[in-house]
Amino acid sequence: MLDLTALAASLPATGPLHALGPDWMNAESLISSFGAYALVGIVIVVFIETGLLFPFLPGDSLLFTAGLLVAQDELDFPLWLLCLLIFLAAFLGDQVAYVIGRTVGPRLFDRPNSRIFKQQYIDQTNAYFEKYGGRTIIIARFVPFVRTFAPVTAGVGKMHYRHFVSFNVIGALLWGVGVTVLGYFLGNVVFVKDNIEIILIGIVGLSVVPVAFELLRARRSGGSAAESGSTDAGTGTQTPTTEPKDAAR
């Protein structure tokens, strides 16, 4: 059983973000509130954040703290079981969010005069996910709020389901298992523990750089092509037409 007193005494806040919200946004307090059902509680929270459109949960710090507590024997279940269940919760959560976006999302865009929900957003989203969707799904796992809505957007944009499932597996593995294992091995490093959100966002920022360069290059290529087309149109000559003699008469 989880010793709540020992847990509270042994773990300081893992970051300044936690002090800004209520106790249920603090990973340590949240895990403490689950008591003997900590494993079930952690898994449910992961599923809710990723699948039920509720982004106001600790996410990264919850996984990191859970791994740390297992390493410190504050939680009485093995790391492999924690990682397995977190992976399943993260994977199934995104699956549910995708279905929500696929089935309910399009109804929001049926109103042609809506200022917010427009069909052109669906078309743009669909084109974006067709080209960059896989990397987007994976990277979104590490960004608060974005990880909640990215699978919904993929569903609304009708991203190819097989592609979504493939990258969902990779994202759930890297995020759910990766951050938990990181907490298990590096949780006792004070700097890492106190700055886990900043570190993860920095990692995401580095991973986005190649995509940003690719988008910039595509935009420049498109601009150059448009300019070339307009130049050709401006310098083109019009072929004169002659009327048939019979028509002139």
### Message
If you count every heavy atom of other residues, nucleotides or ligands that lies below 6.0 Å from Phe77 atom CZ, does the total exceed 12?
### Response
yes
### Query
In terms of hydrophobic clustering (I, L, V, M, F, W, Y; side-chain heavy atoms under 4.5 Å; direct or indirect links), are Val99 and Val165 co-clustered?
no
### Task
Look at the side-chain heavy atoms of Ile, Leu, Val, Met, Phe, Trp and Tyr, link any pair under 4.5 Å apart, and say whether Leu62 and Ile48 land in one connected group.
yes
Locate the shortest heavy-atom distance separating [X] from [Y]; write the atom from each residue and the value.
X: Glu49; Y: Arg147; answer: OE2-NE, 2.9 Å
X: Leu30; Y: Pro58; answer: CD2-CG, 3.8 Å
X: Leu82; Y: Gly67; answer: CD2-N, 4.2 Å
X: Gly171; Y: Ile138; answer: N-CG1, 4.2 Å
X: Tyr184; Y: Val70; answer: CE1-CG1, 3.9 Å
X: Phe87; Y: Val177; answer: CB-CG2, 4.0 Å

### Task
Take Ile31 and Leu69 through the side chain to side chain contact (heavy atoms under 4.5 Å, CB included) test and state the conclusion after the steps.
CA-CA 10 Å; Ile31 294 176; Leu69 294 177; 3.8 Å; yes
How many angstroms lie between atom [atom1] of [X] and atom [atom2] of [Y], to the nearest 0.5 angstrom?
X: Phe164; Y: Tyr161; atom1: CZ; atom2: OH; result: 8.0 Å
X: Tyr98; Y: Thr103; atom1: OH; atom2: OG1; result: 10.5 Å
X: Leu88; Y: Gln95; atom1: CG; atom2: CD; result: 11.5 Å
X: Thr180; Y: Phe64; atom1: OG1; atom2: CZ; result: 10.0 Å
X: Phe34; Y: Ile42; atom1: CZ; atom2: CD1; result: 7.0 Å
X: Leu63; Y: Leu68; atom1: CG; atom2: CG; result: 12.5 Å

### Message
Applying side chain to side chain contact (heavy atoms under 4.5 Å, CB included) to Thr50 and Trp175, what does each step give before you reach the verdict?
### Response
CA-CA 12 Å; Thr50 57; Trp175 177 69; 4.1 Å; yes
### Task
Keeping to residues at least two apart or across chains, list the side-chain hydrogen bond (donor to acceptor under 3.5 Å, both in side chains) pairs with something in residues 79-89.
none
### Task
Examine distances only and state if a side-chain atom of Asp94 and a backbone atom of Asn168 form a donor-acceptor pair shorter than 3.5 Å.
no
#### Entry: Worked verdict on Phe54 versus Leu57 for side chain to side chain contact (heavy atoms under 4.5 Å, CB included)
CA-CA 7 Å; Phe54 191 80; Leu57 291 169; 3.9 Å; yes
### Task
In sequence, state the C-alpha distance, the side-chain angles, and the governing distance for Val179 and Ile86, and then conclude on side chain to side chain contact (heavy atoms under 4.5 Å, CB included).
CA-CA 10 Å; Val179 176; Ile86 286 177; over 6 Å; no
### SB check Arg141 Asp60 (cutoff 4.0 Å)
no
